[in-house]
Protein chains: 2
Amino acid sequence: MKSHQVTIKDIAKILDISASTVSRALKDHPDISIETKNKVKELAEKLKYKPNAIALSLQSNKSHIIGIIVPQIVNHFFSTVISGIEELAAEKGYNIIITQSNESQKKELANCQTLLSGRVDGMIVSRTKNTENFDHFRNILSTGTPIVFFDRTCHGIKTDKVIIDDYKAAYDATEYLIKTGCKNLLHFAGPENLKISSKRMWGFADALKRNNIFFNEEMVYYADNFSKGYNLTFELYKSNHLPDGIFTVNDMTAAGTLSALNELKIKVPDEISVFGFTNGIISQITSPSLSTVEQNGYLMGYSAAEILINKIENETTDTISKIIPTKLIIRNSTKKL
Amino acid sequence: MKSHQVTIKDIAKILDISASTVSRALKDHPDISIETKNKVKELAEKLKYKPNAIALSLQSNKSHIIGIIVPQIVNHFFSTVISGIEELAAEKGYNIIITQSNESQKKELANCQTLLSGRVDGMIVSRTKNTENFDHFRNILSTGTPIVFFDRTCHGIKTDKVIIDDYKAAYDATEYLIKTGCKNLLHFAGPENLKISSKRMWGFADALKRNNIFFNEEMVYYADNFSKGYNLTFELYKSNHLPDGIFTVNDMTAAGTLSALNELKIKVPDEISVFGFTNGIISQITSPSLSTVEQNGYLMGYSAAEILINKIENETTDTISKIIPTKLIIRNSTKKL
DNA sequence: AAAGAACTTGCAATCGTTTGCGAGTGCGTT
DNA sequence: AACGCACTCGCAAACGATTGCAAGTTCTTT
């Protein structure tokens with residue numbers, strides 16, 4: 001197999017000229033005569049010559065590859081971000097290599113090694129929930145390979161990031177619930193050490209306080225996926241602690257909550273309002289459809305790629321924190337204003 | 001930037017020995033004395049030396065990269081397949097480069113060029129809906145780069161593929177609808193030139209015929225995404241053509257249909273049963289939850305990677321068509337047996 | 001004491017491409 | 001007729017790593 005792709009040398013041999021001439025002819029170097037250029041180009045076309053990107057990388061010390069690490073590919077938000085990255089990358093002539101950490105710090109570390117060994121020009125990363133030690137990222141940065149973080153960032157590392165204003169978005173969503181008449185709210189939160197989670201939690205808390213509603217930590221439960229949302233809702237029901245409004249840290253948790261409420265025959269939004277976060281596809285499919293915060297993943301990916309490529313090509317050193325605007329998407333799981 | 005990653009030469013220079021010695025020392029070649037080995041390994045560790053994968057690729061003519069082309073990354077099925085590929089690839093020491101065609105033949109062609117230029121060791125592909133001309137794939141195969149197709153395959157190209165038995169799965173799903181009492185069935189289908197679509201259609205048709213139910217082409221409508229399913233359902237309602245059972249080509253179409261039926265206050269499954277295809281996350285989230293065909297994307301990806309890597313490493317020439325088993329997942333959008 | 005064996009290590013070519021510099025030809029000018 | 005200048009093109013080194021072969025040193029053996 002690998003029956004040999006055509007190289008410059010092959011063309012040179014057939015035409016009985018040197019490889020350098022072929023190289024120059026292919027890129028219209030003025031030193032080369034028109035006849036030679038034509039001969040070369042014609043043969044290259046005929047043999048379907050494609051430059052060997054690997055050889056070019058070795059030579060130029062640039063791979064034109066962007067490495068990506070996400071917790072999981074099978075996730076609407078992350079795949080949307082990847083799609084945004086891919087879009088700009090393809091346009092700018094970069095390839096993307098994707099790895100997933102599966103929320104395991106060990107795998108994340110291995111991914112870093114692999115990408116470093118693959119000499120990617122830069123990396124775009126959303127870290128695992130559990131990671132507390134960020135030395136592996138610091139090591140990469142010290143080699144001169146730029147990293148842009150998105151969504152889940154790393155506290156204490158000075159580098160570029162693309163994020164949303166989680167605090168404000170959560171504040172706004174919570175305030176919407178209050179304005180539509182909810183008086184007894186709960187928050188289903190993600191892990192505390194994840195900045196996006198804690199910010200959303202504080203946005204929730206502060207919205208209550210500023211609206212003169214009592215807040216304490218017992219109004220925050222840990223639940224950040226479908227089944228946790230589902231189970232928690234049942235538990236609250238059994239212990240007679242169901243509120244009249246729930247703000248969840250993401251859409252999947254909200255979907256689990258809605259699913260449980262449906263089974264319990266509790267009417268949404270009449271008895272309980274539910275507000276999600278992310279605006280994934282599922283928010284249109286739940287019954288009732290889910291009010292949520294639009295977190296433009298595509299734009300986040302596109303922006304991250306934009307910042308990274310700029311850094312790669314212009315070798316600037318200043319770091320950027322780009323904030324992607326969010327907005328409330330009001331559907332049928334909440335009451336109208 | 002790119003402040004220079006450590007190379008073998010750097011180590012050689014510091015230790016005042018040759019690059020060849022360093023190379024051999026690092027791989028425990030018996031020619032090298034233990035003292036030298038220790039010195040080299042120690043320094044390599046200290047400087048965090050990582051072999052330059054690009055140089056190795058150039059040398060060995062193997063990139064250890066698998067190229068992937070999917071219509072879109074933001075799609076539960078495709079991202080699940082990618083996840084399966086990534087899993088085995090990572091285990092076997094391969095990286096994956098992902099490109100998306102966005103259902104555009106032009107982009108698909110460009111992706112082929114890029115991957116070929118990147119000298120990927122092999123490719124895993126699901127083609128666009130529209131592609132009719134497969135010459136670009138033939139050209140790749142003629143360079144000796146193996147391709148494994150999955151799900152959407154290419155008629156007339158002799159190469160490996162990983163598929164499901166779409167005909168049988170559709171037949172079984174349809175028969176289930178019949179057995180649970182549906183007498184007036186419709187099929188919401190995908191494009192005819194897509195083999196998976198036409199096979200599902202024929203499975204539907206034959207299930208009717210074998211169960212002595214009249215079939216003609218007017219029982220097949222074209223609708224293969226959420227909004228088409230949604231709109232078509234409304235149209236059928238208005239023209240008074242709603243059936244008592246619908247088998248859709250995929251889950252998203254079924255979700256659109258369910259959404260419309262919900263708005264029309266038509267009871268599922270009492271008045272109309274709906275059967276989907278794929279078993280994506282959304283099938284658990286719709287209301288009622290969706291009966292569907294499980295199409296194990298993860299396993300498809302894993303198997304495709306398995307076949308491809310085997311082909312790359314063992315250079316076999318026989319082609320495989322692997323069929324991933326499916327099964328019916330019965331939820332609440334259909335009646336019970 | 002000389003010769004060969006055993007043990008270490010370095011040289012150079014290779015993978016495909018680019019690029020500075022040197023060299024060869026043919027022409028026109030003085 | 002001799003010189004210089006365009007115009008073409010090739011040589012060789014470089015990118016990082018590997019590897020067959022040659023070469024160097026040290027030690028043992030006769």
Side-chain angles (χ1 to χ4, degrees), chain A residues 2-41 43-44 47-65 93 116-121 143-144, chain B residues 2-41 43-44 47-65 93 116-121 143-144:
Chain A
K2 274 279 172 185
S3 61
H4 187 65
Q5 307 224 153
V6 183
T7 72
I8 270 190
K9 289 186 184 177
D10 296 325
I11 298 180
K13 208 170 290 170
I14 297 176
L15 258 32
D16 201 29
I17 54 180
S18 79
S20 6
T21 304
V22 176
S23 171
R24 280 188 261 251
L26 252 16
K27 21 177 42 191
D28 264 333
H29 192 287
D31 271 8
I32 308 298
S33 70
I34 302 179
E35 305 102 74
T36 310
K37 277 182 190 169
N38 286 341
K39 271 196 301 182
V40 170
K41 287 179 182 173
L43 187 61
L47 299 181
K48 298 200 187 67
Y49 167 76
K50 305 233 168 20
N52 185 321
I54 292 175
L56 289 174
S57 298
L58 181 58
Q59 162 105 336
S60 63
N61 197 25
K62 294 212 182 316
S63 61
H64 275 254
I65 294 178
L116 215 48
S117 207
R119 296 296 192 273
V120 296
D121 286 345
T143 71
Chain B
K2 273 279 174 188
S3 61
H4 187 63
Q5 306 225 154
V6 183
T7 72
I8 268 191
K9 290 185 184 176
D10 296 325
I11 297 180
K13 207 169 292 170
I14 296 177
L15 258 33
D16 201 29
I17 54 180
S18 78
S20 8
T21 304
V22 176
S23 170
R24 279 186 263 250
L26 252 16
K27 22 177 42 191
D28 264 332
H29 193 286
D31 271 7
I32 307 297
S33 70
I34 302 179
E35 306 102 74
T36 310
K37 277 183 192 170
N38 287 340
K39 272 196 299 181
V40 170
K41 287 179 183 173
L43 187 60
L47 299 180
K48 300 202 185 66
Y49 166 76
K50 306 234 168 20
N52 184 321
I54 292 174
L56 290 173
S57 298
L58 181 58
Q59 161 108 337
S60 63
N61 198 25
K62 293 209 183 317
S63 61
H64 275 256
I65 294 178
L116 215 48
S117 207
R119 297 295 192 273
V120 297
D121 287 345
T143 70

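Each chain gets a letter, A, B and so on, in the order the sequences are listed, and its residues count up from 1. Scope of the values below: all heavy atoms of this structure, side chains included, with no hydrogens, waters or symmetry mates.
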* Asked: Would one find a side-chain N or O of A/K50 under 4.0 angstrom from OP1 or OP2 of C/dG16?
  -> no
* To do: Could you check whether B/S57 gets within reach of a base, just the sugar-phosphate, or nothing at all, counting any heavy atom under 4.0 Å?
  => nothing
* Gap between atoms CD1 and C1', on B/I54 and D/dA17 respectively (whole Å) -> 12 Å
* To the nearest Å, how far apart are A/L56 CG and D/dC15 P? -> 16 Å
* Asked: Taking side chain as C-beta onward, heavy atoms only, is A/L58 less than 4.5 Å from A/R119?
  -> no
Return a table of donor-acceptor pairs under 3.5 angstrom between the side chains of residues 6-17 of chain A and protein atoms on other chains or two or more places apart.
from  : atom 1 : to    : atom 2 : distance (Å)
A/T7  : OG1    : A/K9  : N      : 3.2
A/T7  : OG1    : A/D10 : N      : 3.3
A/T7  : OG1    : A/D10 : OD2    : 3.3
A/D10 : OD2    : A/H4  : NE2    : 2.9
A/D10 : OD2    : A/T7  : N      : 2.9

Is there any protein nitrogen or oxygen under 3.5 Å from a nitrogen or oxygen in nucleotides 25-28 of chain C, and what are the pairs?
none

* To the nearest Å, give me how far apart CG (B/N38) and P (C/dT8) are. => 13 Å
* Structure fact -> Assert: residue with more 5' nearest nucleotide on DNA chain D, out of B/A55 and B/H29, is B/A55
* To do: Using a 4.5 Å cut-off on heavy atoms from C-beta on, say whether the side chain of B/T143 contacts that of A/K48.
  => no
* Asked: Does anything in residues 8-26 of chain A reach DNA chain D, meaning a heavy atom under 4.0 Å, and if so which residues?
  -> A/I17, A/S18, A/S20, A/T21, A/R24
* If you check the A/S33 side chain, which of D/dC9, D/dA17, D/dT19 turns out closest? -> D/dC9
* Asked: Rounded to whole angstroms, how far apart are CZ on A/R119 and C1' on D/dA17?
  -> 11 Å
* Round to the nearest Å and state the distance from A/Y49 atom OH to C/dG16 atom P. => 10 Å
* Asked: Nearest of C/dT18, D/dT8, C/dG16 to any side-chain atom of A/T36?
  -> D/dT8
* Roughly, in whole Å, what's the span from NZ in A/K37 to P in D/dT8? -> 8 Å
* Separation between CG of B/D121 and CG of B/N61, rounded to the nearest 0.5 Å -> 8.5 Å
* Asked: Any side-chain donor paired with an acceptor under 3.5 Å for B/S23 and B/S20?
  -> no
* Evaluate the side-chain proximity of A/I34 to A/N38: yes if any heavy-atom separation is below 4.5 Å, no if none is. => yes
* Asked: For the side chain of A/S117 and the backbone of B/A53, is there at least one donor-acceptor N/O pair under 3.5 Å apart?
  -> no
* A/Q59 CD to D/dA12 C1': how many Å, rounded? -> 13 Å
* Asked: Sub-3.5 Å donor-acceptor pair from the side chain of A/H64 to the main-chain atoms of A/G93, do we have one?
  -> yes
* Structure fact -> With the side chain defined as heavy atoms from C-beta on, B/N52 is closest, among C/dT19, C/dG16, D/dA17, to D/dA17
* Check the pair B/R24 / B/D31 against salt bridge (Lys or Arg N to Asp or Glu O under 4.0 Å), numbers first and verdict last. => CA-CA 8 Å; B/R24 279 186 263 250; B/D31 271 7; 5.5 Å; no
* In whole angstrom, what separates A/K27's NZ from C/dT17's P? -> 12 Å
* Within the structure shown, what part of the strands sits under 4.0 Å from B/D31 by heavy-atom distance: base, sugar-phosphate, or nothing? -> base
* Considering only heavy atoms from C-beta outward, does the side chain of A/Y49 approach that of A/V22 to under 4.5 Å? -> no
